[in-house]
Student: 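Next up is a structure, given as structure tokens.
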Amino acid sequence: MVFLSVFTVVAVGLGLGSYFNTKLLHKTIGQNNFKIAQLFSEAVSGIFDERIEDLEIYMSHFSRKTEILKNNAKYVGMDEAALKDYFSRMDKEWVEASDDSLLIREYLDSPVSERLKIIVEKDLGLAEMFITDRFGGLVASSGRTSDFYQADEKWWEGAFDGGKGKILIGDIEYDESSKTSSLALAVPVRMESGEVIGISKTMLNIKFLFRSLEKFRVGKTGHVVLVNRQGYMLFHEGLEPLKERIVNEIIFQKLIESEQQWVIANDPATHKRKLSIAYANIHHPLFAEGEGDWRVCVVQDAAEVLVPLNDLFSQFVMISFILLTATGVVAFKTSSRFVKPINKLYEATIKIGEGNLDYKAEIKTGDELEELANSFNKMTRNLNQSTASIKILNKEITERKKAEEKIKIAAQEWQRTFDSITDLVFIQDTESTIVKVNKAFAAAMKAKPEEIVGKKCYEVVHGRSSSWPGCPFQAMKETNKACSEEVDDPHIGVPLLITVSPIFDEKGKIIGAVHIAKDITERKKLENLKDEFISTVSHELRTPLSIIKEGVSLVLDEVPGKISQKQKDILKMSKENIDRLAQIINDLLDISKIEAGKMELKKTVIDMAEMIRKLYQEWNLGSNEKEQSFECRVPDSPVNIHADPDRIIQVLDNLVSNAIKYTFAKGRIVIELINKKDSIEISVSDTGRGISKEDLPRAFTKFQQFGRVAGAGAKGTGLGLVITKELVEDHGGTIKVESKLNKGTKFTVILPKGVNT
Amino acid sequence: MSKKKVLFIEDEFEIVDLMRTRLEANGYQMFSAYDGEEGLKKVEENKPDLILLDIVIPKINGLIVCQRLKNGSKTKDIPIIVVSASGGKDLPKRCREAGADDVVIKPFEAEELLSKISKLLEE
């Protein structure tokens, strides 16, 4: 009787204990899984934030903006009907065109499309990217889109939001052929003023995006599932999205309405096992009214949750049966031996339920109960680790956010540095559109930065409707190097030194240029002062020189009275040196002009053959005096070149007068003109004293005169060849010299024709 | 035949003296003025057959004197040769614009100036 009553009490007590313990364990696991789900919902929000931010950064790049602005400009003046007509025509052409047609290639091979392709290739999280203008027309795309016109799509209208612009997260779409699901993210492209100029759409690769979720395990079977509001699975390994429910509709409804936010339910797929499902909303602001509306569920096999208790129960039934059959007394003792540790386990589940995941159930019975406690502790440890790994994930996300904040601060710092430059600086793309300006530039243009950005630089700077011919940008494009030019455009008002430097992409292609304009008013003032000084000095030198020369000439010409031959010789020498001094003054003036870059060429079309023939008459008189033979080899037909006649005469005069000067009596001088396709070649050769090998490299250096001989004549200024070389080079030509000491010298000038022949 | 009258408007009296010697030796009569104002006055008082004109002279710049003479109905026929020490490349152009008939740069070659004078007086 005693035996029976004890058995009953123990059996009922243990049975009740087991029931409550099961309930408690479920609750503990459910609540912990809910916490995990909550952490995951934050993680998913973080992933979205990160992606949206990435896309905004991609789209804020000036090359993309410029391309969109260029497209928007196409529609200026089109009314609604014209727009409609344009888009339906483009759409039709787009759909019908083959992949290698001109239309498709024009769009898909554009620099911006190429860039999008690279971005998509590099980032496995991206499946496709394209940009439309503010009317929904395609601007650029990483791949061929099905339509050209996008503004008739719901996502587009949503993202454009009547011009206000809104970030939109679309539905998950499943592609049967590639077995991939993707998600559309539409981000408006804005100017710095906030104006929406276009819409970008990006397809995110779901599998890649949530790969961190996929690998996540709670215990052995616990995993993370994204579901929509109706309970259909959005993302589950090996399953087609939106086809399967996580649990049946009624249970799911109960789940989202219940306050406990977890449930034990039958697996809808197998109906055999039970699942523990915890559930959390994703609190992303964009989901609030959008279509996303997702939930994160942590799903775990209920059996796994119950393993320890089931073990405990079966062990207990077996042990108590053996014990009961042995002795009734011991049974009571035994039951208290079982109840104590079970109470400890119960306490543990409560502690863990309260979130104390470090709590350990201390049971030292040395038997199956201790083993049970150990496996319970192990489970808690697993739970602890799982939670920790989510914390790490969230920490990573926070760190990324911090890094992005740093980038933002760096960008602001950059802009502040940019603004602190006192030179006028702006950045343009390859089509002369201004994409960034510093404060000084905006101030000089008397405008706000946002009023200038997006406009053509020639409009803003020079007030022109087409590119300004004086701009060094063209030269920069041709040379791939920074180019400078002094500019004095009356539209700007102040003289500027403009330097244009190329900006390259990773492949070394020019994608834009930086313009730096320095106000050189002060320098110009100094230069003008210097010019004024030089011309004053030369004037002041020439005046007394003219008195000396005329005085000497009068006496030499015997106007006041006869003089002796000896007196004549002396005065003649004086007069020659007066002329030399006058020539030095002229040369110095030329040199100072050349060095200041002030030698302006007044080019016209000249017939070189005719010019040389005319000059030859004069030269011949001079060489006749020295009994030299002077030959002129010039074609009979005209040889036209585009050049400054005064300067070309100066060049030829200098070379020929040198030849006459340095060639001995009875020597020979030849001037020859050769007409080539795009250039002409003029050579002046003599049989004069020549220049030595050592001296030849210095032939075109200032104040170099070679082989001077004692006595009268054959003296120059030492500046003639320097000026000659500069003048030839100013015409885009070259000059070279060949010489042998005591044999002769040959100067060859090659000039580009610069005219159509 | 009476001697041709040449007026030299120039502030450097040494060159004026030298030119007087030169011109008189070549059969001309020369008189001079020190500055632009005096130059214009002398032209009015005693109309010369030809004028040699410096640019950098006191009171009225030579090029302005040239312009005024070429715009005056009584004086526009008088040939003017600018004799200047300002050697800029655009000087001939500026002189032409002011109406001058020819230019000689200082220091000049007497032969060259004489041939220009006689050529202009023949025309």
Side-chain angles (χ1 to χ4, degrees), chain A residues 531-562 571-572 574-594 598-602 618 644-650 723 727, chain B residues 6 8-30 32 34-35 52-58 61-63 81-97 103-118:
Chain A
D531 288 348
E532 213 175 290
F533 175 75
I534 288 171
S535 70
T536 309
V537 166
S538 71
H539 181 266
E540 294 309 306
L541 286 171
R542 279 189 183 120
T543 303
L545 213 52
S546 67
I547 297 166
I548 299 167
K549 183 173 177 177
E550 184 52 15
V552 170
S553 299
L554 272 173
V555 179
L556 189 61
D557 293 349
E558 298 181 321
V559 175
K562 286 245 172 238
L571 288 180
K572 211 176 159 196
S574 303
K575 203 182 154 192
E576 274 170 11
N577 277 281
I578 292 165
D579 287 342
R580 190 170 149 218
L581 192 53
Q583 189 54 46
I584 291 176
I585 295 168
N586 287 341
D587 284 357
L588 277 174
L589 261 180
D590 275 352
I591 282 282
S592 79
K593 271 191 190 161
I594 288 169
K598 281 206 141 189
M599 188 65 87
E600 277 172 36
L601 298 180
K602 294 178 185 108
E618 264 178 57
D644 182 336
D646 286 345
R647 297 303 174 184
I648 296 299
I649 290 173
Q650 199 177 345
I723 295 168
L727 291 176
Chain B
V6 175
F8 193 6
I9 309 176
E10 163 71 271
D11 60 335
E12 297 282 341
F13 60 86
E14 292 99 329
I15 194 75
V16 172
D17 279 352
L18 290 170
M19 276 313 289
R20 182 174 290 118
T21 311
R22 174 71 77 181
L23 288 173
E24 282 171 0
N26 282 273
Y28 299 103
Q29 187 196 331
M30 199 201 95
S32 66
Y34 177 74
D35 58 46
L52 298 177
L53 176 63
D54 190 12
I55 294 178
V56 188
I57 45 173
N61 179 286
L63 287 177
I81 299 175
V82 171
V83 181
S84 173
S86 325
K89 283 279 162 191
D90 56 343
L91 182 73
K93 197 181 148 223
R94 278 162 60 212
C95 293
R96 258 199 314 281
E97 280 166 4
V103 188
V104 170
I105 311 265
K106 290 177 188 172
F108 52 83
E109 199 65 58
E111 285 298 319
E112 188 195 344
L113 181 57
L114 286 172
S115 82
K116 284 185 173 175
I117 292 173
S118 70

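Please read these numbers as outputs of a predicted model, since none were measured by experiment. Labels below follow one simple rule: chain letters A, B, ... track the order of the sequence lines, proteins then strands, and each chain is numbered from 1.
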Student: So Val559(A) and Arg22(B), side chain to side chain contact (heavy atoms under 4.5 Å, CB included) or not? Walk me through it.
Tutor: CA-CA 7 Å; Val559(A) 175; Arg22(B) 174 71 77 181; 4.0 Å; yes
Student: Identify which of Lys106(B), Glu111(B), Glu24(B) forms the greatest number of heavy-atom pairs closer than 4.5 Å to chain A.
Tutor: Lys106(B)
Student: As a test of understanding, state which of Glu12(B), Glu10(B), Glu14(B) forms a side-chain contact (heavy atoms from CB on, under 4.5 Å) with Thr543(A).
Tutor: Glu12(B)
Student: For Leu18(B) and Ile547(A), which heavy atoms make the closest approach, and how far apart are they?
Tutor: CD1-O, 3.3 Å
Student: Within the structure provided, determine whether Lys549(A) and Phe108(B) are in side-chain contact (heavy-atom separation under 4.5 Å).
Tutor: no
Student: Out of curiosity, Asp557(A) CG to Thr21(B) OG1, how far, rounded to the nearest 0.5 Å?
Tutor: 12.0 Å
Student: Indicate the atoms forming the closest heavy-atom contact of Arg542(A) with Ala85(B), along with that distance.
Tutor: NH1-O, 3.0 Å
Student: Please classify the contact of Glu109(B) with chain A as side chain, backbone, both or neither, using a heavy-atom distance under 4.5 Å.
Tutor: both
Student: In Å and rounded to the nearest 0.5 Å, what is the CG to CD distance from Leu113(B) to Glu550(A)?
Tutor: 8.0 Å
